[in-house]
Amino acid sequence: MNIAITTFILAVFLLPGLLFRRFYYTEEFSKQYYRNNFFELFFSTLIPSIIFHIIWYYFIKIFNYHVNLLIIGDLLVSENIPNVFQNINKYASQIFLYNISLFGFSCLVGFFGKKIIRFFIFDRKYKMFRFKNSWHYLFSGEFFDFPRASFDITDKVDEIELFYVDFITDTSEGTIIYEGFLVDYELTPYGKLDYIIVKDVERHFLKEDLPIVDNYKIPGHVLIVPFQSIININLTFYKLDIEINQEREIVIEPILIE
Amino acid sequence: MKNNNLSSKLLHPGKFEIANKRKHSFWNNEMPLTSKRARFIISNEIESKRLANAVRNGRAEKGTNISNQIVENKFTIRTKAVISQFEKMK
């Protein structure tokens with residue numbers, strides 16, 4: 001058995017699964033593409049690869065082609081490698097076309113698979129389709145649509161227009177509450193919250209009882225807060241009631257989502 | 001006398017409603033954190049601060065008196081750039 005050839009075949013064999021995962025876990029869920037260890041990565045790639053190869057094995061028969069499994073077997077175990085390569089050379093264009101079309105198919109299935117699941121909100125309705133980015137579901141308010149969510153909002157999730165956060169951090173001077181608009185967040189490669197980005201931030205010490213007379217307004221455009229420094233987060237969802245009055249002025253009222 | 005810079009020539013009195021506040025479609029199914037119209041306000045430094053104040057005032061009980069000021073949880077857009085963005089949206 002030639003180790004180099006075996007490794008190459010294995011890589012080509014696993015490529016459809018890798019491509020599927022690359023196109024399925026994109027944007028908010030791209031971190032899920034990365035796995036903690038090689039073993040996890042191998043199996044999460046192997047299973048879709050096997051499925052894609054089985055589908056393509058039967059699909060190309062419609063076009064009167066077939067995969068000669070003997071050649072692959074020979075490549076893996078045969079001592080007579082030149083003979084095998086002669087065979088491959090003979091069908092090189094078909095082998096190339098088979099693999100390219102299979103890779104393209106895997107990409108499309110990954111891309112459209114995610115689109116369908118997100119568009120029909122299957123990931124919110126059924127746990128088996130849910131992506132492992134719980135922070136996305138929390139920060140977008142999509143968790144309200146989870147069947148397990150214990151409280152519902154009468155407004156639709158799409159009605160949420162604004163996220164206001166309060167969070168507590170501990171310093172040597174005391175516990176501080178910050179508040180402001182949540183504008184973005186970032187995850188670590190392992191799907192944990194890395195930091196949040198907050199705008200129009202004010203802060204005050206927790207020991208100060210309400211009503212708070214003077215919050216300290218933090219200057220600057222945005223405040224980036226590493227998640228390790230946050231003890232807890234309070235999320236408030238708002239929609240905007242926008243009215244054009246008789247003077248044709250735009251009057252804005254933020255209203256709590258109900 | 002009204003300051004014409006603060007009023008819109010294109011918008012008509014009434015509710016400023018838009019469908020799909022946070023746009024979610026087949027091709028674009030990543031819901032942004034804020035709606036487009038909220039983003040217009042937040043992107044402007046002055047209006048963003050006023051929106052933040054309105055939110056904070058709204059969180060305090062209505063009619064309460066903080067620092068001898070009556071809280072107001074509504075505000076009027078006073079920046080021409082933001083007004084024109086709203087006009088374009090309609």
Item to check | Within residues 124-131 of chain A, residues adjacent to chain B where the heavy-atom gap is under 4.5 Å | outcome: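 Heavy-atom contacts from residues 124-131 of chain A to chain B are A/R124.
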Taking the side chain as everything from C-beta on, heavy atoms only, tell me whether [X] gets closer than 4.5 Å to [Y].
X: A/I244; Y: B/F86; value: no
X: B/F75; Y: A/E253; value: no
X: B/L51; Y: A/L162; value: yes
X: A/I250; Y: B/T76; value: no

Item to check | Audit row: A/D241, B/K74, salt bridge (charged side-chain N to carboxylate O under 4.0 Å, His left out) steps and yes/no | outcome: CA-CA 9 Å; A/D241 182 54; B/K74 283 184 185 179; 6.0 Å; no
What part of [X] lies closer than 4.5 angstrom to a heavy atom of chain B: side chain, backbone, both or neither?
X: A/N245; value: backbone
X: A/E27; value: side chain
X: A/V222; value: neither
X: A/I116; value: both
X: A/F29; value: side chain
X: A/F139; value: both

Let me have the donor-acceptor pairs involving side chains of residues 230-238 of chain A, under 3.5 Å, with sequence neighbours excluded, atom names and distances please.
from	atom 1	to	atom 2	distance (Å)
A/N234	ND2	A/D166	OD1	3.1
A/T236	OG1	B/R59	NH2	3.3

Checklist entry - Any idea which of A/Q246, A/E202, A/K217 has the most non-hydrogen atom pairs under 4.5 angstrom with chain B? => result A/E202
Checklist entry - Which residue pairs pass the side chain to side chain donor-acceptor pair (under 3.5 Å) test when at least one of the two sits in residues 111-122 of chain A, sequence neighbours left out? => result A/T26-A/K114, A/K114-B/E30, A/R118-A/D123, A/R118-A/H136, A/R118-A/E142
Checklist entry - What are the two closest non-hydrogen atoms of B/N73 and A/P254, and how far apart are they? => result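 Scanning both residues, the minimum pair turns out to be O-CD, 3.3 Å.
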Next on the checklist: Between A/V251 and B/I77, does the side-chain contact (heavy atoms from CB on, under 4.5 Å) criterion hold? Intermediate values first, please.
Outcome noted: CA-CA 6 Å; A/V251 183; B/I77 298 284; over 6 Å; no
Checklist entry - How far apart are the C-alpha atoms of B/T34 and A/F181, what are their side-chain angles, what is the distance that settles it, and do they pass the side-chain contact (heavy atoms from CB on, under 4.5 Å) test? => result CA-CA 10 Å; B/T34 50; A/F181 296 122; over 6 Å; no
Next on the checklist: Quick check against the 3.5 Å criterion: does A/K199 have a side-chain atom that pairs as donor or acceptor with the backbone of B/I42?
Outcome noted: yes
Working to the nearest 0.5 angstrom, can you tell me the gap between [X] [atom1] and [Y] [atom2]?
X: B/S35; Y: A/I160; atom1: OG; atom2: CD1; answer: 11.0 Å
X: A/E161; Y: B/I41; atom1: CD; atom2: CD1; answer: 8.5 Å
X: B/F40; Y: A/I252; atom1: CZ; atom2: CD1; answer: 11.5 Å
X: A/E179; Y: B/R56; atom1: CD; atom2: CZ; answer: 5.0 Å

Next on the checklist: Among residues at least two apart in sequence or on other chains, which ones pass salt bridge (Lys or Arg N to Asp or Glu O under 4.0 Å) with A/D184?
Outcome noted: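 A/D184 satisfies salt bridge (Lys or Arg N to Asp or Glu O under 4.0 Å) with no residue once adjacent residues are dropped.
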Checklist entry - Which of parallel (below 30°), tilted (30 to 60°) and perpendicular (above 60°) describes A/F112 and B/F26? => result parallel
